[in-house]
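Here is the structure we will look at.
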Amino acid sequence: DSGVTQTPKHLITATGQRVTLRCSPRSGDLSVYWYQQSLDQGLQFLIQYYNGEERAKGNILERFSAQQFPDLHSELNLSSLELGDSALYFCASSVTGIGEKLFFGSGTQLSVL
Amino acid sequence: AQKVTQAQTEISVVEKEDVTLDCVYETRDTTYYLFWYKQPPSGELVFLIRRNSFDEQNEISGRYSWNFQKSTSSFNFTITASQVVDSAVYFCALSEAVGGFKTIFGAGTRLFVKA
């Protein structure tokens, strides 16, 4: 158990809908990362937060947004969903977010039908 | 630009064979960190090793060893006497100071170890 909790584990929804994925980092970790893993694109970095502030951004679509709350949990919001958004979404955390190993959650499997 | 290339998409070996997974990285930074992660069939991502750019010493951990060569921008991973339980997808990753230390991953190498 990595100590990173992601909910829900599975999510099935329809095109055009909006969903929210939730992540609770390990106790003491201030940095949270979001990744998207699809079959044809490997692990794609979406965004990183440190202590509530955005630290780095990857190729995150404008339809996607995220934030980290004062209690350090993070949410990834995906809107106007398309079939191609179906993927496994991982959250990871680390203490400072500076060159440290990441602890990954078990992921949220999103299926857009 | 920050980039990690794992040219080997899939590798299949027979148990007890040695296997090397290649990783080539690109960075303009002098301060960076390299990692290997394992993703077994169960799906979780497990950290294996971390190396910083100032430490080129190779490392051995049991049947696992890593060869870091800055001259060729490579960070290769060797499994000695492979076992069926080593079957997984292995990811190489890079975190550099420029860009806020975001960690980007290579495409992964799927390793099949047959009994």
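Letters A, B, ... are given to chains in the order of the sequence lines, protein chains preceding strands, and every chain is numbered from 1. Fair warning: this is a prediction, and the values are worked out from it, not measured in the lab. Any value given below was found using the heavy atoms of this structure, including those in side chains, with hydrogens, waters and symmetry copies removed.
- Cluster membership for A:Leu102 and B:Phe47, using ILVMFWY side-chain heavy atoms within less than 4.5 angstrom, is shared.
- Summarising the local packing, NZ of B:Lys3 is surrounded by 12 or fewer heavy atoms from other residues, nucleotides or ligands at distances under 6.0 Å.
- Of the listed residues (B:Glu44, B:Arg50, B:Glu96), the greatest number of heavy-atom pairs within a distance under 4.5 Å of chain A belongs to B:Arg50.
- Applying the 6.0 Å contact sphere to CD1 of B:Ile60 captures no more than 12 heavy atoms from other residues, nucleotides or ligands.
- Note on B:Tyr64: it clusters hydrophobically with B:Leu21, by side-chain heavy-atom contacts below 4.5 Å among ILVMFWY residues.
- Contacts of A:Tyr50 with chain B are absent, with no heavy-atom separation under 4.5 Å from either backbone or side chain.
- Both the backbone and the side chain of B:Phe101 have a heavy atom closer than 4.5 Å to some heavy atom of chain A.
- Neither the backbone nor the side chain of A:Ile47 has a heavy atom closer than 4.5 Å to any heavy atom of chain B.
- Crowding of A:Leu61 atom CG: a count of heavy atoms from other residues, nucleotides or ligands under 6.0 Å exceeding 12.
- By the criterion of side-chain heavy atoms lying less than 4.5 angstrom apart, applied directly or through intervening Ile, Leu, Val, Met, Phe, Trp or Tyr residues, A:Phe90 is not grouped with A:Val112; the two fall into different hydrophobic clusters.
- Grouping the Ile, Leu, Val, Met, Phe, Trp and Tyr side chains by contacts below 4.5 angstrom, directly or via other members, places B:Leu111 with B:Ile49.
- Other residues, nucleotides and ligands contribute at most 12 non-hydrogen atoms within 6.0 Å of the CD atom of A:Glu62.
- A:Phe104 contributes atom CZ, which lies 5.5 Å from atom OH of B:Tyr37 (distance to the nearest 0.5 angstrom).
- Heavy atoms closer than 4.5 Å to chain A are found in the side chain of B:Phe91, but not in its backbone.
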- Item | Worked verdict on A:Tyr33 versus B:Thr103 for side chain to side chain contact (heavy atoms under 4.5 Å, CB included) | CA-CA 9 Å; A:Tyr33 307 69; B:Thr103 302; 4.3 Å; yes
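- Between B:Leu45 and A:Phe103, every side-chain heavy-atom pair lies at or beyond the 4.5 Å cut-off.
- By number of non-hydrogen pairs under 4.5 angstrom with chain B, the leading residue of A:Glu100, A:Arg55, A:Lys101, A:Lys57 is A:Lys101.
- Only the side chain of B:Gln39 has a heavy atom closer than 4.5 Å to any heavy atom of chain A.
- In this structure, the separation between CD1 on B:Ile104 and CG on A:Asn59 is 10.0 Å, given to the nearest 0.5 Å.
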